[in-house]
Amino acid sequence: MELIVLGSHGTWPSAGGATSGHLVRHDGHAILLDLGTGTVANLQRHAGLFEVDAVVISHSHPDHVTDLYTYYMARRFSPQCPPPIPLYLAPKVLDRVEPLLSDDSGDMKLAQAFDVRVAEPGHELEAGPFRVTTADMAHSVPTIGVRVEADGAVLAYTADTGPTEHAVRMARDADLLVSEATWQEDEGDRPPIHLTAREAGELASAAGAGRVVLTHIRPHLDRNRSREEAAGAFHGDVLLAEDGLRLDVGGA
C-alpha cells in the first residue's frame with residue numbers, strides 16, 4: 001500500500017500548497033481521504049483524475065472538503081462521463097456541500113456524480129482491496145478518523161481531533177499513522193479539538209504505531225520544531241507531511 005500526500009497544510013495553505021488530502025493506492029486501486037483546497041490539482045500529478053475507486057471525507061470543515069465541490073464538477077461535466085463511485089461522508093458534510101452546488105447552477109446534487117453514503121463512526125467499508133474502519137474523533141463537528149487495511153498493511157489517519165482513546169484504538173499497531181499536529185506546546189490556551197505535535201507523538205507511542213507522519217501543521221509554525229516535539233514522545237520515525245510526499249505503508 002502506498003500513501004501520497006496531496007495536501008498537508010492545516011487550516012490554510014502556504015504559497016503553492018494545499019490543505020488536507022491523501023491518495024492511498026494498492027494493487028491498481030485507489031481511494032481519496034479528504035479533499036481540501038488544491039488537492040484535486042495535486043491529484044493529477046500522481047494519477048488520472050478518475051482513477052479513483054472511492055472518496056472518504058472526514059468532516060465538514062472547508063480545509064478538508066472544499067475540493068469535493070471541484071471533484072464533483074469534474075466527474076459531472078467531463079466528456080469522459082465517469083460512472084459514479086462511492087462517496088463516504090461523515091455526518092453533516094452533505095449539509096455543508098450541497099448548498100454550494102445548488103447555488104451554482106440550479107438543483108445539483110452530489111448523487112449525480114457519486115454513490116453517496118453517510119459513514120457513521122464504527123462503520124466498516126470496502127473499496128477494491130481496501131477495508132476501511134471509521135472511528136469517532138474529538139473535534140468541533142462530527143469527525144471520523146479512518147483505519148485503512150490492505151494485504152496486511154495498515155494506515156491510520158486521524159483527520160482533525162483532540163486527544164481521545166478512540167484515536168489510540170483506531171491506530172493500534174498501524175504501520176503508518178498520519179496524525180494531525182495543528183499546534184505546538186507554547187501556544188497558550190487551546191480547546192481540546194486538535195493535537196499538539198507532542199500529543200501526536202504520544203498517540204503514536206500509545207498505539208504502538210510503526211511510524212508517524214505529522215500533518216495539518218499551520219503554515220506559520222516551525223515544522224522542524226513540530227518534529228522535535230513529537231520525537232520527544234515517540235521513539236519511532238517521525239516524518240513531516242509535504243505535498244507530494246510518497247510513502248510505502250508496508251505489509252505483505
Side-chain angles (χ1 to χ4, degrees), residues 1-24 33-39 41-43 45-46 58 61-64 137-139 143 145-146 154-164 167-168 170-171 173-250:
M1 185 159 58
E2 179 185 35
L3 170 73
I4 301 175
V5 177
L6 303 180
S8 59
H9 298 279
T11 313
W12 72 94
S14 61
T19 59
S20 296
H22 307 83
L23 177 67
V24 182
L33 306 179
D34 282 340
L35 281 170
T37 309
T39 53
N42 286 342
L43 168 63
R45 300 177 185 273
H46 306 282
S58 68
H61 283 162
D63 58 327
H64 293 254
M137 298 292 100
H139 197 40
T143 301
V146 295
V154 180
L155 165 73
Y157 169 52
T158 67
D160 285 4
T161 188
T164 171
V168 176
M170 176 197 69
D173 297 326
D175 297 295
L176 182 67
L177 169 62
V178 182
S179 178
E180 76 123 274
T182 304
W183 290 318
Q184 294 175 342
E185 286 294 291
D186 63 352
E187 292 192 69
D189 291 335
R190 303 178 300 267
I193 59 172
H194 287 294
L195 298 176
T196 65
R198 180 173 183 84
E199 288 170 335
E202 290 170 349
L203 168 59
S205 182
R211 294 178 292 167
V212 64
V213 179
L214 305 182
T215 191
H216 205 270
I217 301 171
R218 287 183 173 167
H220 64 282
L221 295 178
D222 181 338
R223 289 162 55 82
N224 285 326
R225 178 177 168 186
S226 292
R227 178 165 49 192
E228 290 169 2
E229 289 187 0
F234 178 63
H235 299 303
D237 289 340
V238 178
L239 308 173
L240 294 173
E242 299 177 356
D243 298 1
L245 176 67
R246 303 169 70 134
L247 292 171
D248 179 10
V249 177

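Position 1 is the first residue of the sequence, and the numbers go up from there.
A donor-acceptor pair shorter than 3.5 Å can be found between the side chains of D160 and H64. Side chains of D63 and S20: a donor-acceptor N/O pair is absent below 3.5 angstrom, by distance only. In this model, a donor atom of one side chain and an acceptor atom of the other lie less than 3.5 Å apart for S226 and Q184.
From Y157, atom OH reaches atom CG of L177 across 11.5 Å, with rounding to the nearest 0.5 Å. Here the OG atom belonging to S205 is positioned 10.0 Å from the CZ atom belonging to R198, to the nearest 0.5 angstrom. R227 CZ to L239 CG: the interatomic distance, rounded to the nearest 0.5 Å, is 8.0 Å. Rounded to the nearest 0.5 angstrom, H61 NE2 and T19 OG1 are separated by 12.5 Å. To the nearest 0.5 Å, atoms CZ (R211) and CG (D175) are separated by 8.0 Å. Rounded to the nearest 0.5 Å, atoms CG (D243) and OG (S8) are 4.0 Å apart.
Aromatic pair W183/H216: centroids not less than 6.0 angstrom apart.
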Are E202 and F234 close enough, and set up right, to give a side chain to side chain contact (heavy atoms under 4.5 Å, CB included), and what steps lead you there?
CA-CA 6 Å; E202 290 170 349; F234 178 63; over 6 Å; no

For D248 and E2: C-alpha separation, side-chain torsions, deciding distance, then whether side chain to side chain contact (heavy atoms under 4.5 Å, CB included) applies.
CA-CA 5 Å; D248 179 10; E2 179 185 35; 5.8 Å; no

Go through the steps for H9 and R218 under the test side chain to side chain contact (heavy atoms under 4.5 Å, CB included), then give the verdict.
CA-CA 6 Å; H9 298 279; R218 287 183 173 167; over 6 Å; no

Residues L247, L176; criterion side chain to side chain contact (heavy atoms under 4.5 Å, CB included); working and verdict
CA-CA 9 Å; L247 292 171; L176 182 67; 4.1 Å; yes

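Within a 6.0 Å sphere centred on CZ of R45, other residues, nucleotides and ligands contribute 12 heavy atoms or fewer.
With respect to D186 and R225, a salt bridge is recorded, a charged nitrogen being found less than 4.0 Å from a carboxylate O.
A heavy-atom distance below 4.5 Å is not found between the side chains of V5 and E242. Annotation: side chain of L33 is in contact with side chain of V24 (closest heavy-atom distance under 4.5 Å). Between E199 and H194, every side-chain heavy-atom pair lies at or beyond the 4.5 Å cut-off.
Taking each heavy atom of N224 and D222 in turn, the nearest pair found is N-OD1, 3.0 Å. Contact detail for R246 and I4: the closest heavy-atom pair is CG-CG1, 3.9 Å. The nearest pair of heavy atoms linking A230 to V238 is CB-CG1, 3.9 Å. Nearest approach of R190 to E187, heavy atoms of both residues: NH1-N, 3.9 Å. Between L203 and S179 the shortest heavy-atom distance is CD2-OG, 4.0 Å. For the residue pair A156 and A174, the shortest heavy atom distance occurs at CB-CB, 4.1 Å.
Here the side chain of T39 pairs no donor or acceptor atom with the backbone of L6 at under 3.5 angstrom. When atom types are taken as modelled, the side chain of D34 and the backbone of A159 share no donor-acceptor pair closer than 3.5 angstrom. Of the possible polar contacts, one joining the E229 side chain to the E185 backbone as a donor-acceptor pair under 3.5 Å is found. Although no hydrogens or angles enter the test, the distance criterion places no donor-acceptor pair under 3.5 Å between the side chain of S14 and the main chain of P219. For T158 (side chain) and T161 (main-chain N/O), no donor-acceptor pair under 3.5 Å exists by modelled atom type. Checking side-chain atoms of E180 against main-chain N and O of L195 turns up a donor-acceptor pair under 3.5 Å. Here the side chain of H139 pairs a donor or acceptor atom with the backbone of I193 at under 3.5 angstrom.
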